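Read through the structure below, which is laid out as structure tokens, and then see the notes.
We count ligands from 1, going down the list as the structure has it; atoms in each ligand are counted the same way. Since this is a predicted model, take the numbers as computed values, not measurements.
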Amino acid sequence: MSDPRTRELKDNLAAVDARITRAVERAGRSDSPQLVVVTKFFPASDVLRLLELGVRDFGENRDQEASAKAAEVSRLLAGHHLEVEPRWHFVGQLQSKKARSVVKYARTVHSVDRRSLVQALRRATTPAESDDTTSAHVGPVDCLIQVDLRSEVPEDARGGAAPGAVAGLADEVASAQGLRLAGLMAVAPRDEPAAQGFARLAELSHRLRADHPAADMISAGMSNDVEEAVAAGATHLRIGRDVLGNRSPAR
Ligand SMILES: *Cc1c(COP(=O)(O)O)cnc(C)c1O
């Protein structure tokens, strides 16, 4: 626990926690959002350090990196006799052909944005339809519909469904065996203040819950817009660099 990197992560976590607490107080909320630490670019050893520091929820945005990291973390945990389990959240754009891999480690997918992906996730979690007998996954996968909050969503946009498509996608997820409709996710739009975009997300969430009361997750807020997300009612914050530091620019 006393290596310099662990101390750095501990200090960063404390600062992020304090920032969230202040934001919660300022927003007058009685609940506190869940922190999901986005570990993309950072090694399994950092995940282990964060587990020792009490973090349980981790986000990744690429299947190739995430599946290898999740497997390595499991190996390291077995070696350390640590009785904790990370909860992996997939937060990046997801190709349908990767669905089968992702559901093996991720219990939550934040980036469901189209019908074909819902179908792929459904097939990946339904043993009867799976041609791959090794993909026996335990428990349903929580799915969040990712919304594109830009004021004009291009026809061929990737990385978020248009607001008008949310209700249909939600019904599709809700009726799929093996999937659980958990709520909505968004990234703040670049063409306007984060607070405005997140306000529309909150309104969409309100409408979604009228039809699906249990779908109450709102995944919003990154290192740059924690305060705006907390004020808009985010239940899950996805924070990378404020905990782990700057990612190397090359990828
Ligand atoms: C990388 C990433 C984050 C974390 O962003 P930071 O600016 O490092 O806090 C959150 N959400 C998604 C979808 C990401 O890809």
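For Arg26, the side-chain hydrogen bond (donor to acceptor under 3.5 Å, both in side chains) test picks out no residue, with sequence neighbours left out.
Residue Glu192 places its CD atom among more than 12 non-hydrogen atoms of other residues, nucleotides or ligands, all under 6.0 Å distant.
Using a 4.5 Å heavy-atom threshold, the side chains of Leu169 and Val166 count as separate. In this structure the side chain of Asp63 reaches within 4.5 angstrom of the side chain of Tyr105, judged on heavy atoms. Side chains of Leu51 and Glu85 form no contact here, defined as non-hydrogen atoms less than 4.5 Å apart.
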Please tabulate, one line per pair, the protein N or O atoms found under 3.5 Å from any N or O atom of ligand 1, giving the distance to one decimal.
from, atom 1, to, atom 2, distance (Å)
ligand 1, 7 (O), Arg241, NE, 3.2
ligand 1, 8 (O), Arg241, N, 2.8
ligand 1, 8 (O), Arg247, NH1, 2.7
ligand 1, 8 (O), Arg247, NH2, 3.2
ligand 1, 9 (O), Ser223, N, 3.0
ligand 1, 9 (O), Ser223, OG, 2.6
ligand 1, 9 (O), Gly240, N, 2.8
ligand 1, 11 (N), Arg238, NE, 2.9
ligand 1, 15 (O), Lys40, NZ, 2.7

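Note that OG1 of Thr39 and CG of Leu244 are 7.0 Å apart. Values are rounded to the nearest 0.5 Å.
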